[in-house]
Amino acid sequence: MADLLQIRHPSSGTEAELAITDGTIRAVDLREVVVDGEPLATYDPGYVNTASCRSAITYIDGNAGVLEYRGYPIEQLAEQSTFLEVAWLLLNGELPTAGELAEWERLITEHRMLPDKLKTVLAGFPYDAHPMTILMASTAAFYSFYPDARNFDDPEARSLNIARLIAKMPTLAAFAYRKGKAKPYINPDDAYGYCHNFLAMLFKQAERRYVADERLIRAVEVLFILHADHEQNCSTSAVRSVASSGNDLYTCVSAGVGALHGPLHGGANEAVLTMLREIGTVDRVPEFIEGVKAGRVRMMGFGHRVYKNYDPRAKIIKRAVEDVFEITGVNPLLQVAQELEKYGLTDEYFVSRRLYPNVDFYSGLIYEALGFPPEMFTVLFAIPRTAGWAAHYQEFITDPDNKIARPKQIYTGYPTRSYVPIEDRG
């Protein structure tokens, strides 16, 4: 027998029993309770306690600091897997066999190139256009080149367009970066893997072959794995919402890019770097901490909407920082970051509020060490998140329960009133 939630509204005498499934009640069942002549609804700005879908892709336990993709702990995937292997896992539910992975890597390599006419679209952007703006607009433009993406009910067409987008995002990002630097575009090199090729398209100069340090390639691989998905966050919800009206993959993912562009979502690691620079040296950390406690300044990179424990991604990134700095040299800001972390983990003010380091706290230091300007940080988030967005897009459009997104509202405007002719308005 299912658990039941019993509701009684004394003033109207309404009573109802609502089924509890997976720790939730169906919101539409609240309509059985009538208050002031209207069916009962919930008011939940930001969806802080509303499940909008059922999903089998990513599991998070914020209190325990757990993140899993399709049941696999993020720590194991970051240590042993590759990004393309993780992308396959997110899309298909299982880790690929050796044959499946080889074919998947071949397909991605085959579709890395951008359409030639899209390059003319890129040329139309100002040289100082933000790379996320270029990424968002160009992703939406892909539908013009691949209209078969609207055949999303066809599994083959859907899979092909997902592969196209995952393959082309690094190329598009690298082109946006080089445009801002007034450098010629570097086409993909089939001899390189996904992350090595991305670094080559970004940083290749006059050398015949661009060879990156394996530790740097692995650091990018780990960062991509950590950012591949994160459940029903703002940008993923945007992808699902736009998909609900019957849109193609490219239009939906462009909405995700737009949501990610916001500083409250994808831009936090840049804010962390700004904070570290403002502090400057380790001896100024205590003064900064006192400012945080007094409410004068904010501690960026600490705390998370979901995690009330140490973000598991932050632990992994912290190790990757050390590997990168072995090659590039230590950024003095690392010492500032480590000192802040000590306060975050031991000071009662932060411990009692469960404000632990999150994924953004160290990622900006890695990106800067790799040579990326701050405006590219969110782009580096968007590239791997494309795999997660595509997985959620696929899950949504194949879900028989999906409906067009149409939240309710609580109207707070005027009651009905009569039109006033302009000559009578005073």
Side-chain angles (χ1 to χ4, degrees), residues 53 55 57 83-84 86-93 100 103-122 124-125 131-176 188 194 228-229 232 235-261 379 381-405:
C53 65
S55 179
I57 298 170
F83 170 69
L84 285 183
V86 167
W88 173 279
L89 171 67
L90 291 172
L91 290 161
N92 297 286
E100 288 170 336
E103 176 58 23
W104 173 236
E105 291 173 339
R106 185 203 63 76
L107 184 63
I108 295 298
T109 300
E110 178 184 330
H111 289 285
R112 286 173 174 171
M113 291 289 290
L114 300 183
D116 285 338
K117 289 185 178 179
L118 185 63
K119 296 175 184 178
T120 64
V121 175
L122 292 173
F125 285 97
M132 281 294 280
T133 302
I134 296 175
L135 201 70
M136 177 170 55
S138 301
T139 300
F142 278 138
Y143 175 60
S144 300
F145 299 95
Y146 307 112
D148 63 324
R150 195 56 67 89
N151 301 332
F152 46 74
D153 288 331
D154 178 352
E156 289 189 12
R158 188 171 65 236
S159 296
L160 175 58
N161 281 288
I162 287 173
R164 282 171 175 158
L165 187 55
I166 291 173
K168 295 179 191 305
M169 282 300 254
T171 310
L172 185 56
F175 280 24
Y194 194 82
D229 192 53
Q232 304 304 315
S235 57
T236 299
S237 296
V239 169
R240 283 179 172 263
S241 183
V242 175
S244 76
S245 64
N247 269 304
D248 62 279
L249 173 70
Y250 304 112
T251 301
C252 295
V253 169
S254 71
V257 174
L260 189 65
H261 191 15
V379 175
F381 195 151
I383 295 169
R385 184 54 58 87
T386 298
W389 289 332
H392 282 276
Y393 173 83
Q394 176 173 259
E395 184 177 66
F396 179 86
I397 62 175
T398 56
D399 182 353
D401 283 345
N402 81 52
K403 291 179 173 61
I404 186 169

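Here the structure is a predicted model, which means the values were calculated and not measured.
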Engineer: Over 60° means perpendicular and under 30° means parallel, so classify the ring planes of Tyr250 and Tyr146, tilted if in between.
Structural biologist: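 Plane angle between 30° and 60°, so tilted.
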Engineer: State which residues pass salt bridge (charged side-chain N to carboxylate O under 4.0 Å, His left out) with Glu105; sequence neighbours excluded, sorted by chain then number.
Structural biologist: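 Per chain and number, Glu105 pairs via salt bridge (charged side-chain N to carboxylate O under 4.0 Å, His left out) with no residue.
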Engineer: Can you pull the salt bridge (charged side-chain N to carboxylate O under 4.0 Å, His left out) pairs that have at least one residue in residues 151-176, sequence neighbours excluded?
Structural biologist: Asp148-Arg164
Engineer: Could you pull out all residues at least two apart from Ser237 that satisfy side-chain contact (heavy atoms from CB on, under 4.5 Å)?
Structural biologist: Gln232
Engineer: If we only count heavy atoms from C-beta on, is the Phe125 to Val121 side-chain gap below 4.5 Å?
Structural biologist: yes
Engineer: Sequence neighbours left out, what passes side-chain contact (heavy atoms from CB on, under 4.5 Å) with Ser144? Give chain and number order.
Structural biologist: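 Ser144: no side-chain contact (heavy atoms from CB on, under 4.5 Å) contacts found.
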Engineer: Would you confirm whether Ser245, through its side chain, and Ser241, through its main-chain N or O, come within 3.5 Å as a donor-acceptor pair?
Structural biologist: no
Engineer: Report the residues that fulfil side-chain contact (heavy atoms from CB on, under 4.5 Å) with Ala140, sequence neighbours left out, ordered by chain and then residue number.
Structural biologist: Ser254
Engineer: Only counting residues at least two apart or in another chain, list the ones meeting side-chain contact (heavy atoms from CB on, under 4.5 Å) with Ala387.
Structural biologist: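 If we apply the side-chain contact (heavy atoms from CB on, under 4.5 Å) test to Ala387, skipping adjacent residues, the hits are Phe83, Ala87, Leu90, Ile166.
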Engineer: Go through the steps to decide whether Asp229 and Val86 satisfy the test side-chain contact (heavy atoms from CB on, under 4.5 Å), and finish with yes or no.
Structural biologist: CA-CA 10 Å; Asp229 192 53; Val86 167; over 6 Å; no
Engineer: Could you list all the salt bridge (charged side-chain N to carboxylate O under 4.0 Å, His left out) pairs where at least one residue sits in residues 388-404, not counting sequence neighbours?
Structural biologist: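 Salt bridge (charged side-chain N to carboxylate O under 4.0 Å, His left out) check on residues 388-404 returns Arg240-Glu395.
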Engineer: Suppose we screen for ring pair (Phe, Tyr, Trp, His ring centres under 6.0 Å). Which residues come up paired with His261, at least two apart in sequence or across chains?
Structural biologist: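 His130.
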Engineer: Nearest heavy-atom pair of Ala238 and Ala259: which atoms, and what distance?
Structural biologist: CB-CB, 4.1 Å
Engineer: Is any side-chain heavy atom of Cys53 less than 4.5 Å from a side-chain heavy atom of Phe396?
Structural biologist: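 No. Closest side-chain heavy atoms not under 4.5 Å.
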Engineer: Kindly determine whether His392 and Ile57 satisfy side-chain contact (heavy atoms from CB on, under 4.5 Å), including the steps that lead there.
Structural biologist: CA-CA 8 Å; His392 282 276; Ile57 298 170; 3.8 Å; yes
Engineer: Do Phe152 and Asn247 have side-chain heavy atoms sitting under 4.5 Å apart?
Structural biologist: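 Of all side-chain heavy-atom pairs linking Asn247 with Phe152, none is under 4.5 Å.
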Engineer: With sequence neighbours excluded, tell me which residues meet salt bridge (charged side-chain N to carboxylate O under 4.0 Å, His left out) with Asp116.
Structural biologist: Lys119
Engineer: If you define the side chain from C-beta out and look only at heavy atoms, does anything of Leu91 sit under 4.5 Å from Trp104?
Structural biologist: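 With C-beta onward as the side chain, the pair touches.
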Engineer: Write out all pairs satisfying salt bridge (charged side-chain N to carboxylate O under 4.0 Å, His left out) with one or both partners inside residues 382-394, taking only residues at least two apart or from two chains.
Structural biologist: none
Engineer: Would you mind listing every salt bridge (charged side-chain N to carboxylate O under 4.0 Å, His left out) that reaches into residues 245-254, with sequence neighbours excluded?
Structural biologist: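 Of all non-adjacent pairs touching residues 245-254, those that pass salt bridge (charged side-chain N to carboxylate O under 4.0 Å, His left out) are Arg150-Asp248.
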Engineer: I'd like to check the salt bridge (charged side-chain N to carboxylate O under 4.0 Å, His left out) partners of Glu103; sequence neighbours left out, ordered by chain and number.
Structural biologist: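 If we apply the salt bridge (charged side-chain N to carboxylate O under 4.0 Å, His left out) test to Glu103, skipping adjacent residues, the hits are Arg106.
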